Amino acid sequence: MVGVKITVNDDGTLNVPDFPVIPFIEGDGTGPDIWKAARLVMDGAVAKAYKGKKGIKWLEILAGEKAFSKTGKWLPEETLMSIKEHVIAIKGPMTTPVGKGIRSVNVSLRQKLDLFSCVRPVKYIESVPSPMKNPEKVDMVIFRENTEDVYAGIEWEAGSEGADKIRSFLEYNMGVYLPKDAGIGIKSISEKNSKRLVASAIAYAVENGIPSVTLMHKGNIMKFTEGAFSKWGYEVAKEKFKDKTITEQELFDKYKGERPEGKIVIKDRIADMLFQQVLLRPEEYRVIATPNLNGDYLSDAIAAQVGGLGMAPGANIGDACAVFEATHGTAPKYAGKDMVNPGSLLLSGAMMLDYMGWKEASGLIRVGLQSTIKDGIVTYDLARQIKGAKEVRCSEFAVAIVNRIGEL
């Protein structure tokens with residue numbers, strides 16, 4: 001069958017053909033290894049779920065080291081255009097060039113495609129080693145604003161002309177004094193970007209029947225950036241979800257702490273306190289909306305509670321397109337050795353299938369992965385932690401998952 005492009009309808013919903021063309025970026029370092037494994041499982045799950053009536057037509061596009069070696073560019077314009085044209089893409093881990101090229105391929109993708117929402121579901125998979133006593137209580141989705149905050153990369157090196165100009169401006173015009181040897185960065189958080197991020201988090205909670213959305217911020221100190229993020233989050237809840245949400249204050253003042261049926265509680269927590277809460281009372285936090293840097297820290301920390309980034313999926317989603325990705329690094333010392341755990345990219349693929357509405361296939365991936373790990377067939381990172389486990393290669397792990405999917 002000839003592949004057909006996914007399109008976006010006027011109401012923002014997707015029109016997904018039976019044989020969509022989906023671009024992929026292998027990734028750097030261990031990217032090719034985990035991509036081959038993940039693709040094998042995704043194709044196997046789709047074939048099992050739809051018995052040939054649906055299938056994915058994969059299209060390779062270039063970014064990172066492979067793109068640089070072939071085109072001299074870390075992120076070619078053709079790659080950006082292809083993602084826009086095909087609406088959905090998936091990628092392996094990318095190298096961040098040190099001292100050369102663009103600041104970060106990942107950050108550039110998010111900014112150039114306006115992928116404003118980094119969505120990171122974190123849920124425990126049975127039998128995966130965890131430092132927690134009750135990791136099964138961890139079932140959270142982090143919505144991290146993806147385009148601004150300090151990650152916008154607006155900064156000047158200490159001693160540079162730019163830093164001197166900013167420092168002089170602040171001193172003479174604002175009465176703010178900085179050390180002469182200070183590097184300077186700008187942290188911007190806007191109403192528009194904050195509101196659309198929080199709105200996407202609330203919409204997810206509404207769609208999935210989740211009881212609360214927590215706004216994470218450090219507004220007690222950074223009152224006009226992170227404090228504003230929290231304020232704007234409450235505002236957009238009233239503006240767009242008035243009939244579906246109540247504040248935590250209203251929960252106790254009007255409803256004596258008993259959440260009314262069908263209502264989502266909007267609450268906020270100071271960032272440092274929330275890091276404690278997700279350890280001590282993880283079951284109370286199901287959807288968390290956060291500015292960029294906080295979200296980066298929190299999503300990795302919560303992933304550690306369920307066994308690490310090797311089992312943590314992620315996606316960067318905007319109004320026009322979405323890129324699903326492995327959430328870990330490239331691990332170059334293991335490149336080409338067929339050793340690493342493909343779980344992060346595989347679960348991101350399941351997320352992608354959910355996004356497409358192909359939930360029968362995504363469900364098979366999750367069940368097949370769970371069954372394989374429970375049977376003690378795992379890659380080296382898990383094998384060294386699970387007593388009696390059988391250590392297999394990355395490709396063999398994928399085959400074991402496909403075999404279990406076939407038996408379902």
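Please read these numbers as outputs of a predicted model, since none were measured by experiment.
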[X] side chain to [Y] main-chain N or O, any donor-acceptor pair under 3.5 Å?
X    : Y    : value
K180 : A158 : no
D149 : L293 : yes
E360 : Y50  : no
Y234 : D268 : yes
R144 : N292 : yes
Q305 : N134 : no
K137 : K133 : no
R286 : D139 : yes
T290 : G295 : yes
S69  : K66  : yes

Using side-chain heavy atoms (C-beta onward) and a distance below 4.5 Å, is [X] in contact with [Y]?
X    : Y    : answer
L115 : I317 : no
M311 : L369 : yes
V21  : V4   : no
W358 : I56  : yes
F397 : V402 : no
K84  : L113 : yes
V41  : I405 : yes
I189 : P291 : yes

Tell me the closest heavy-atom pair linking [X] and [Y], and the distance in Å.
X    : Y    : result
V105 : T95  : CG2-O, 4.1 Å
A312 : T327 : O-OG1, 2.7 Å
L14  : V87  : CD2-CG1, 3.8 Å
A322 : Y355 : CB-CE2, 3.9 Å
L364 : A45  : CD1-O, 3.6 Å
E325 : S348 : O-OG, 2.5 Å

Under a 3.5 Å threshold, yes or no: a donor from one side chain and an acceptor from the other, between [X] and [Y]?
X    : Y    : value
E250 : Y255 : no
S117 : E145 : no
T13  : D11  : yes
D43  : W58  : yes
D33  : Y334 : no
T330 : D28  : no
N9   : N15  : no
N294 : H217 : no

message: What verdict does the side-chain contact (heavy atoms from CB on, under 4.5 Å) test give for M356 and I22, after you've listed the backbone C-alpha separation in whole Å, the side-chain angles of each residue and the deciding distance to 0.1 Å?
response: CA-CA 11 Å; M356 293 163 54; I22 297 182; 3.7 Å; yes

Which distance, rounded to the nearest 0.5 Å, do you find between the [atom1] of [X] and the [atom2] of [Y]?
X    : Y    : atom1 : atom2 : value
Y151 : N106 : OH    : CG    : 10.0 Å
F324 : L345 : CZ    : CG    : 12.0 Å
E26  : I61  : CD    : CD1   : 11.5 Å
F229 : M216 : CZ    : CE    : 10.0 Å
E235 : K231 : CD    : NZ    : 4.0 Å
I184 : W156 : CD1   : CH2   : 7.5 Å

message: One pair to check against side-chain contact (heavy atoms from CB on, under 4.5 Å): K263 and F241. What are the steps and the verdict?
response: CA-CA 10 Å; K263 294 288 187 180; F241 305 94; over 6 Å; no

R269 and its side chain to side chain donor-acceptor pair (under 3.5 Å) partner, picked from Q276, E248, E284: E248

message: Between Y380 and N341, is the side chain to side chain donor-acceptor pair (under 3.5 Å) condition met? List the steps.
response: CA-CA 8 Å; Y380 83 98; N341 184 350; over 6 Å; no

field: Trace of the salt bridge (charged side-chain N to carboxylate O under 4.0 Å, His left out) decision for R120 with D300
entry: CA-CA 9 Å; R120 296 277 295 272; D300 281 18; 3.2 Å; yes

field: Audit row: S82, L59, side-chain contact (heavy atoms from CB on, under 4.5 Å) steps and yes/no
entry: CA-CA 9 Å; S82 183; L59 171 68; 3.9 Å; yes

message: Which residue is it: I6, I83, D114, V8? I am looking for the one with a side-chain contact (heavy atoms from CB on, under 4.5 Å) to C321.
response: I83

message: Among I266, T245, V198, exactly one meets side-chain contact (heavy atoms from CB on, under 4.5 Å) together with V236. Which residue is that?
response: V198

- request: Might you work through the side-chain contact (heavy atoms from CB on, under 4.5 Å) test for I377 and I373, ending with a clear yes or no?
  value: CA-CA 5 Å; I377 301 173; I373 294 172; over 6 Å; no

message: Could you walk me through whether E226 and K218 satisfy the salt bridge (charged side-chain N to carboxylate O under 4.0 Å, His left out) test, starting with their C-alpha distance in whole Å, then the side-chain angles of each, then the deciding distance to 0.1 Å, before giving a yes or no?
response: CA-CA 6 Å; E226 301 212 7; K218 190 61 178 171; over 6 Å; no

Does atom [atom1] of [X] have more than 12 heavy-atom neighbours, drawn from other residues, nucleotides or ligands, at distances under 6.0 Å?
X    : atom1 : result
K244 : NZ    : no
E60  : CD    : yes
K187 : NZ    : yes

task: Would you please test E239 and K195 for salt bridge (charged side-chain N to carboxylate O under 4.0 Å, His left out) and show each step?
output: CA-CA 10 Å; E239 292 164 0; K195 283 187 172 181; 2.9 Å; yes

query: Is NZ or CZ of R39 both nearer than 6.0 Å to the six-membered ring centre of F24 and within 45° of the ring axis?
result: yes

- request: Assess whether side chain to side chain donor-acceptor pair (under 3.5 Å) is satisfied between D381 and T379, documenting all intermediate values.
  value: CA-CA 6 Å; D381 57 311; T379 49; 2.6 Å; yes

